[in-house]
There are 2 protein chains.
Amino acid sequence: MDKKSIADPKGRSRPRVKIEDVAREANVSPATVSRVLNHPGIVRPELRDKVMRFITDLSYTPDSAARALKSGRMRTIGAIVPTLGLGIFAESVEALQNRLSESGYTLFIANSQYDQRRELQEMQSLIERGIDGIVLVGGSHGRELRTLVEQTGVPVITTYVSKAGGGIPAIGIDNERATREMTEFLLGLGHVRFGAIANILPSNDRSRARLDGIQRALSEAGIRLQPTQVIRADHSLAQGRKALRQLLTDHPATTAVICTTDTLAIGAMTEARKMGLSVPRAVSITGFDDVELAAQVDPPLTTISIPAAEIGRGAADYLISAIAGRPVPKSVLLPYRLVVRSSTTSPPKADRLPKRPR
Amino acid sequence: MDKKSIADPKGRSRPRVKIEDVAREANVSPATVSRVLNHPGIVRPELRDKVMRFITDLSYTPDSAARALKSGRMRTIGAIVPTLGLGIFAESVEALQNRLSESGYTLFIANSQYDQRRELQEMQSLIERGIDGIVLVGGSHGRELRTLVEQTGVPVITTYVSKAGGGIPAIGIDNERATREMTEFLLGLGHVRFGAIANILPSNDRSRARLDGIQRALSEAGIRLQPTQVIRADHSLAQGRKALRQLLTDHPATTAVICTTDTLAIGAMTEARKMGLSVPRAVSITGFDDVELAAQVDPPLTTISIPAAEIGRGAADYLISAIAGRPVPKSVLLPYRLVVRSSTTSPPKADRLPKRPR
DNA sequence: TTGTAAGCGTTATCAC
DNA sequence: GTGATAACGCTTACAA
């Protein structure tokens with residue numbers, strides 16, 4: 001019951017110092033102390049300095065609950081990511097958090113486990129907590145979430161994609177364009193027998209877009225990917241391995257395998273080697289994300305590098321502006337980068353001309 | 001200025017529904033509504049149900065700021081981790097978050113970048129926000145942080161270690177014992193020429209303890225590790241590679257390399273292969289953490305598996321109990337597990353007997 | 001068991 | 001430019 005007290009060195013607890021205490025010591029009104037803190041410009045410099053001294057002397061810190069109650073702002077941002085276990089999300093979240101704390105905001109983090117129902121729940125819980133803004137990942141979110149956003153008017157931004165449904169602004173890359181470029185790169189190398197490994201989930205529109213990019217580039221080149229040339233997999237190394245084995249069992253002539261994430265690609269490379277296939281000589285493999293490991297595996301992985309930290313910072317800046325009522329862009333398109341390493345090369349000579357094996 | 005309002009479908013904004021609105025509709029006093037929410041047991045069942053109906057009908061949600069102001073509890077926990085980029089932390093944090101949200105708590109996450117000053121700053125900022133409890137990683141935290149904890153009386157628990165300084169309770173494993181066991185395992189295999197790769201930082205007592213365990217087991221076996229047999233490295237694959245190269249350049253006869261994390265070990269394995277050394281035939285390499293990748297690399301890595309999710313859940317349970325004033329354990333020791341895979345074997349015959357090369 | 005009313009610590013609208 | 005004062009929405013003695 002000794003609400004908001006501070007235990008002093010001897011264990012006794014004294015009450016938290018409040019604005020009134022500072023006011024009394026400094027011989028001013030609480031209102032002035034509040035002004036010193038919130039609108040320093042409108043108070044006489046000498047008085048302001050004096051008050052400031054007492055604030056630091058008494059080590060007064062405003063009660064955030066009272067402040068929030070009065071002002072309606074919690075100075076708090078929420079982020080809902082599919083999982084923290086992916087280095088790529090972690091990097092954005094760290095950048096987001098760092099940028100926010102520079103501006104006096106604190107970050108709530110929730111994870112949805114790639115489940116739209118959980119995402120909605122977490123969103124509701126954040127809104128109930130009076131969150132000032134929300135960061136989401138990807139553009140597929142279900143109608144309920146979108147109406148929740150509209151009804152509450154909370155500023156929301158979605159990340160890793162270049163556009164999201166329902167008028168939600170986005171910051172990220174053009175996933176489809178990126179894999180299209182990757183595919184064109186492989187086509188340029190002379191590949192004609194492709195396979196794709198994708199972690200498709202209803203809530204994962206990044207992967208969906210990446211797969212679309214592959215198929216689009218291929219069909220523009222007159223190549224149609226059969227259903228069995230596209231393997232769905234959960235996002236893990238083990239699934240990447242399994243997917244590659246299945247793909248090469250069904251289509252042994254495949255010379256290029258495009259994966260929608262590095263994790264899948266690295267799993268696929270491991271399995272290829274285990275099957276006695278040299279990468280890239282027998283089969284070229286590509287990833288997406290450019291995680292730390294991608295450059296370190298053997299052979300180093302050809303992949304798409306995405307500006308994860310920049311996405312986090314950009315999301316922070318967007319929300320801070322939106323909350324302050326400043327004008328904000330509809331969405332922000334960031335550049336990705338095709339990083340060519342050693343997991344890709346031209347196909348074995350015999351395969352360069354489409355010579356269908358019987 | 002339309003504080004806490006909700007934009008209705010047409011864009012007009014109506015005020016947030018509050019406890020008084022529910023009370024009026026239900027023909028009861030605000031106090032009753034509050035009681036229904038906070039102490040359902042003490043209100044007559046029929047009345048309670050009736051009020052509940054209005055609460056859901058009006059979709060009333062208590063204002064958390066007002067609630068916090070009045071009750072002194074924010075229903076919020078903070079976690080300060082060195083970095084989110086490590087899968088092993090991410091796993092604990094997710095488990096922590098999931099357990100907390102089951103109990104109506106929300107999680108603030110901050111990252112310290114392995115910097116004690118930043119950790120202190122984040123801690124202060126969390127405390128100013130009226131956080132109810134804090135999760136830390138590791139046991140080395142600087143005096144200032146410890147006095148802050150004592151003075152404010154905020155419940156704190158530290159994770160991944162079995163004991164922390166300054167009377168802060170801990171939940172985790174015995175890092176030193178784990179590497180001692182690992183070292184004894186390698187000794188049992190017949191190794192006598194060891195090397196260690198450790199990511200030592202002042203703030204990282206886990207690594208310190210792990211290194212101590214190695215040295216202790218070795219010295220009990222009559223083997224002394226020379227300074228050049230212990231390579232310090234930052235925590236990255238690239239540094240693991242570099243460290244291995246240096247170690248084997250200075251001590252080419254080394255047959256066993258113990259690393260304090262899987263990341264370092266995997267980097268070391270990559271480099272060993274590049275140097276033309278077979279793992280484990282020429283050199284055995286071990287890790288620590290048992291990340292997903294450890295089982296997937298070639299050869300699969302012998303390592304120590306730590307119960308990351310359990311640490312997260314345990315930390316949540318601890319804090320929830322502590323906040324509720326229930327009795328809590330001084331600290332919790334969790335079991336680790338030595339996972340023997342294929343990156344370790346007996347040393348080449350010639351090396352089994354300590355036969356010093358000139 | 002339920003209602004009344006007094007704050008919780010702050011900010012903002014008034015006067016001065 | 002500064003000082004009273006009235007909320008902000010809720011919880012909890014205390015009274016009924």
Side-chain angles (χ1 to χ4, degrees), chain A residues 1-6 14-52 54-55 58-75 104 127-130 132, chain B residues 1-6 14-52 54-55 58-75 104 128-130:
Chain A
M1 201 45 8
D2 56 347
K3 172 182 180 291
K4 285 175 192 168
S5 57
I6 291 184
R14 71 199 141 150
R16 197 189 206 284
V17 22
K18 41 201 192 190
I19 205 170
E20 191 191 336
D21 302 324
V22 178
R24 192 171 354 89
E25 297 289 322
N27 265 316
V28 296
S29 75
T32 300
V33 180
S34 173
R35 276 190 286 256
V36 167
L37 253 17
N38 300 302
H39 315 281
I42 67 169
V43 39
R44 191 160 41 88
E46 324 142 46
L47 221 203
R48 186 185 43 190
D49 295 348
K50 177 180 168 195
V51 171
M52 271 309 235
F54 281 97
I55 287 178
L58 299 177
S59 65
Y60 163 73
T61 56
D63 180 301
S64 61
R67 194 174 237 196
L69 173 59
K70 186 63 195 167
S71 68
R73 298 228 169 297
M74 282 286 255
R75 306 218 117 231
I127 288 176
E128 283 172 21
R129 287 196 111 70
D132 297 321
Chain B
M1 203 43 10
D2 56 347
K3 173 182 178 289
K4 285 173 193 171
S5 59
I6 291 184
R14 71 198 140 149
R16 197 190 207 284
V17 23
K18 40 202 192 188
I19 204 170
E20 188 189 312
D21 301 324
V22 179
R24 189 169 357 85
E25 296 290 321
N27 265 315
V28 296
S29 75
T32 300
V33 180
S34 172
R35 278 190 284 255
V36 167
L37 254 17
N38 299 303
H39 317 281
I42 67 169
V43 40
R44 193 158 39 89
E46 323 143 46
L47 222 203
R48 185 185 43 190
D49 295 348
K50 177 179 167 193
V51 171
M52 271 308 234
F54 282 98
I55 288 177
L58 300 177
S59 64
Y60 163 72
T61 56
D63 180 301
S64 61
R67 192 176 239 196
L69 174 57
K70 186 64 199 171
S71 69
R73 298 228 170 296
M74 282 285 256
R75 307 217 117 232
E128 281 172 23
R129 286 194 113 70

How sharply is the helix from dT1(C)-dA16(D) to dC16(C)-dG1(D) bent, taking the axes over five pairs at either end and rounding to 10 degrees?
->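 It works out to 40° between the end axes.
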
In Å and rounded to the nearest 0.5 Å, what is the [atom1] to [atom2] distance from [X] to [Y]?
X	Y	atom1	atom2	value
M74(A)	S64(A)	CE	OG	7.5 Å
D132(A)	I127(A)	CG	CD1	11.5 Å
E46(B)	R48(B)	CD	CZ	10.0 Å
I19(B)	T61(B)	CD1	OG1	11.0 Å

Taking atom [atom2] of [N] as reference, at what distance in whole Å does atom [atom1] of [X] sit?
X	N	atom1	atom2	result
R75(A)	dT10(C)	CZ	C1'	14 Å
D49(B)	dT2(C)	CG	C1'	16 Å
M74(B)	dC8(C)	CE	C1'	14 Å

Residue-phosphate contact under 4.0 Å: H39(B) side-chain N/O, dT12(D) OP1/OP2 =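 Answer is yes, contact under 4.0 Å.
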
Distance below 4.0 Å between R67(A) side-chain N/O and dG9(C) OP1 or OP2 |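 For dG9(C), OP1/OP2 do not have a side-chain N/O of R67(A) under 4.0 Å.
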
Between K18(B) and E20(B), is there a side-chain N and carboxylate O pair less than 4.0 Å apart?
->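 Salt bridge between K18(B) and E20(B), a charged N being under 4.0 Å from a carboxylate O: no.
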
Would you be so kind as to tabulate the donor-acceptor pairs closer than 3.5 Å made by side chains of residues 35-43 of chain B, with sequence neighbours excluded?
{"residue": "N38(B)", "atom": "OD1", "partner": "R67(B)", "partner atom": "NH2", "Å": "3.3"}
{"residue": "N38(B)", "atom": "ND2", "partner": "S34(B)", "partner atom": "O", "Å": "3.0"}
{"residue": "N38(B)", "atom": "ND2", "partner": "S34(B)", "partner atom": "OG", "Å": "3.2"}

Under the salt bridge (Lys or Arg N to Asp or Glu O under 4.0 Å) rule, collect the residues that match up with D49(B), sequence neighbours excluded.
->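 Testing D49(B) for salt bridge (Lys or Arg N to Asp or Glu O under 4.0 Å), a comparison that skips the adjacent residues, returns none.
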
With sequence neighbours left out, what residues match S29(B) under side chain to side chain donor-acceptor pair (under 3.5 Å)?
->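 So S29(B) forms a side chain to side chain donor-acceptor pair (under 3.5 Å) with T32(B).
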
Qualifying residues under side-chain contact (heavy atoms from CB on, under 4.5 Å), relative to R24(A), sequence neighbours excluded =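 R24(A) satisfies side-chain contact (heavy atoms from CB on, under 4.5 Å) with D21(A) only.
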
Proximity to the side chain of L69(B) - top-ranked nucleotide from dG9(C), dT10(C), dT12(D) |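 Of all the options, the side chain of L69(B) is nearest to dG9(C).
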
Which of the following nucleotides, dT1(C), dG9(D), dT10(C), is nearest to the side chain of K18(B)?
->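 My answer, after comparing the listed nucleotides, is dG9(D).
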
Can you sort out which residues in residues 23-37 of chain A have a heavy atom within less than 4.0 Å of DNA chain C? Ascending by number, please.
->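 Heavy-atom contacts with DNA chain C come from A31(A), S34(A), R35(A).
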
Measure distances between side-chain N and O atoms of K70(A) and base N and O atoms of dA7(D), and say whether any donor-acceptor pair falls under 3.5 Å.
->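 By the distance-only test, yes, there is a pair.
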
